[in-house]
There are 2 protein chains.
Amino acid sequence: MAIKDRKERDKLDRRKLIIKSATKLFLEQGYEKTSIRSIADDIEYSPATIYLYFKEKDEIFYEIHEQGFRLLNKVFIDQGHIADPFERLVSLGRLYLAFGLENPDYYDLMFIMRAPLTEIKCNSKWIVGDDSYGYLLDTVQDCLKHQLLPAGDPDIVAMTIWAYAHGLVSLNIRERLQSLSADVTGKDHLMQSMEYFLNSMKV
Amino acid sequence: MAIKDRKERDKLDRRKLIIKSATKLFLEQGYEKTSIRSIADDIEYSPATIYLYFKEKDEIFYEIHEQGFRLLNKVFIDQGHIADPFERLVSLGRLYLAFGLENPDYYDLMFIMRAPLTEIKCNSKWIVGDDSYGYLLDTVQDCLKHQLLPAGDPDIVAMTIWAYAHGLVSLNIRERLQSLSADVTGKDHLMQSMEYFLNSMKV
DNA sequence: CAAATATACTGATCACTGTTCAGTAAATGA
DNA sequence: TCATTTACTGAACAGTGATCAGTATATTTG
């Protein structure tokens, strides 16, 4: 049965090849411009072949979507050592902002784009995102315990903070801040805003 | 020269006809599914005709984009009578949230979608959005004057509040809240979040 | 070993998209 | 009356995601 095993490995390899190429093209030119044909061209297979490994275009990009979350988790993971909960929260905020600005395409896929997750998938695998949200929730709960944030339901508080951070990043990515009366574009102003936000929240 | 006038009026009428049809189809089925051909079908003209009145698809949807801002302005405009600045701010927040949830397609076009505003247009006409932002900025300045919000640059403060509200609405529209550990979906939870946010900010 | 079957892949095609352009028919101006 | 402008269109271009009958190779079975 070794042959069968090898074949299965080969099949997975080809799947990975597709994802690798798709990721490369995606980071170069974004989701919309990365066509099935361009991926096929890149890996030197027929477009039809890709549909033997993925049901639809979205399924390929769901993998990249997951990669993005793994990336964000990696960024978050070694903040646990910060003892002060509020300091940890500040650090998470900074990192989230930096992640969004440095990986706008990943961020887009993860949080802005019309979800590439039709059907059941949504329940079964969205869980990857839970890790990142988990860090936030834990930190928020710590802050609440030490009364560093105004009392409230931890989930509501975490969602509130996330909503703020997401709003900041996504307004920036989609260039909605350029029209404001004052010029608040640029990373400095975004950081100023985040400091203002967190300091205002601090009890 | 009356004939020429009539002709110009007719031309504007046809332009309006296109926009009207585009709006109808857009609100029925969203941006992506509203094709030039479907608009042409609806108004019983050839697809090519549409390009005599609009340079590109985005130009049509820029009009709808403006309609959206006029709608939001109309919602905001009669909040000026609320005397207490902070109460006014709360009211603006509520209205913004309600607008986003009740008009997700408009909201999408206005604040989420990859901007349908290539080139110069961005400088010349984005100003429509300034009205709505103006209400927010005025209210924020009032709040700062009466020390109802933590001191800070008015533009940064306004942007911070807007970012929060936008984050809340857009995470909801793009269904990113469903994956959270607790079920924070639903208008109630969003309102709870907004109350928590604004109360936390209040000095 | 030979025949039947399973695997991996592809070219062609479908139905769609935004956009362009040569051509037409009618209204207008000289 | 004839030239010109105006308003419009059919057909096409180049691209998209997706499908499917067909093919060539490899494996399993009698």
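The structure presented is a predicted model; accordingly, all values stated were derived computationally and were not measured. Order of the sequence lines sets the chain letters (A, B, ...), proteins ahead of strands, with each chain counted from 1. These numbers come from the heavy atoms of this one structure, side chains and all, not from hydrogens, waters or symmetry mates.
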Query raised in the report: Taking atom P of D/dA7 as reference, at what distance in whole Å does atom CD1 of B/I43 sit?
Result: 15 Å

Report task. Report yes or no: do A/Y96 and A/S132 form a side-chain donor-acceptor pair below 3.5 Å? Result -> no

Requested in this report: Would you give a per-nucleotide map of nucleotides 9-19 of chain D, 5' to 3', where B means the base has a protein non-hydrogen atom under 4.0 Å away, S means only the sugar-phosphate does, and - means neither?
Outcome: BB-B---BBBB

Query - Spacing of A/L144 atom CG and A/D153 atom CG [to the nearest 0.5 Å] - result: 9.0 Å

Report summary line: Atom CG of B/L17 and atom C1' of D/dC8 are separated, to the nearest Å, by 15 Å

Query raised in the report: Between A/R15 and A/E63, is the closest basic N to carboxylate O distance under 4.0 Å?
Result: yes

Query raised in the report: Separation of A/K11 atom NZ from C/dA6 atom P, in whole Å?
Result: 14 Å

**Report entry** Spacing of CG belonging to B/L190 relative to OG1 belonging to A/T160, to within rounding of 0.5 Å
**Finding:** 9.5 Å

Query raised in the report: How long is the span from the CG atom in B/D42 to the CD1 atom in B/I18, to the nearest 0.5 Å?
Result: 11.0 Å

Report task. Answer with base, sugar-phosphate or nothing: what part of the nucleic acid does B/F54 contact at a heavy-atom distance below 4.0 Å? Result -> nothing

Query raised in the report: When the distance from CG of A/D41 to C1' of C/dT10 is rounded to whole Å, what number comes out?
Result: 14 Å

Query raised in the report: Between B/I18 (CD1) and C/dG18 (P), how many Å, whole number?
Result: 14 Å

Query raised in the report: Is the closest side-chain donor-acceptor distance between B/Y53 and B/E59 under 3.5 Å?
Result: no

Report task. Grab the CD-P distance between B/Q29 and C/dC16 for me, whole Å please. Result -> 13 Å

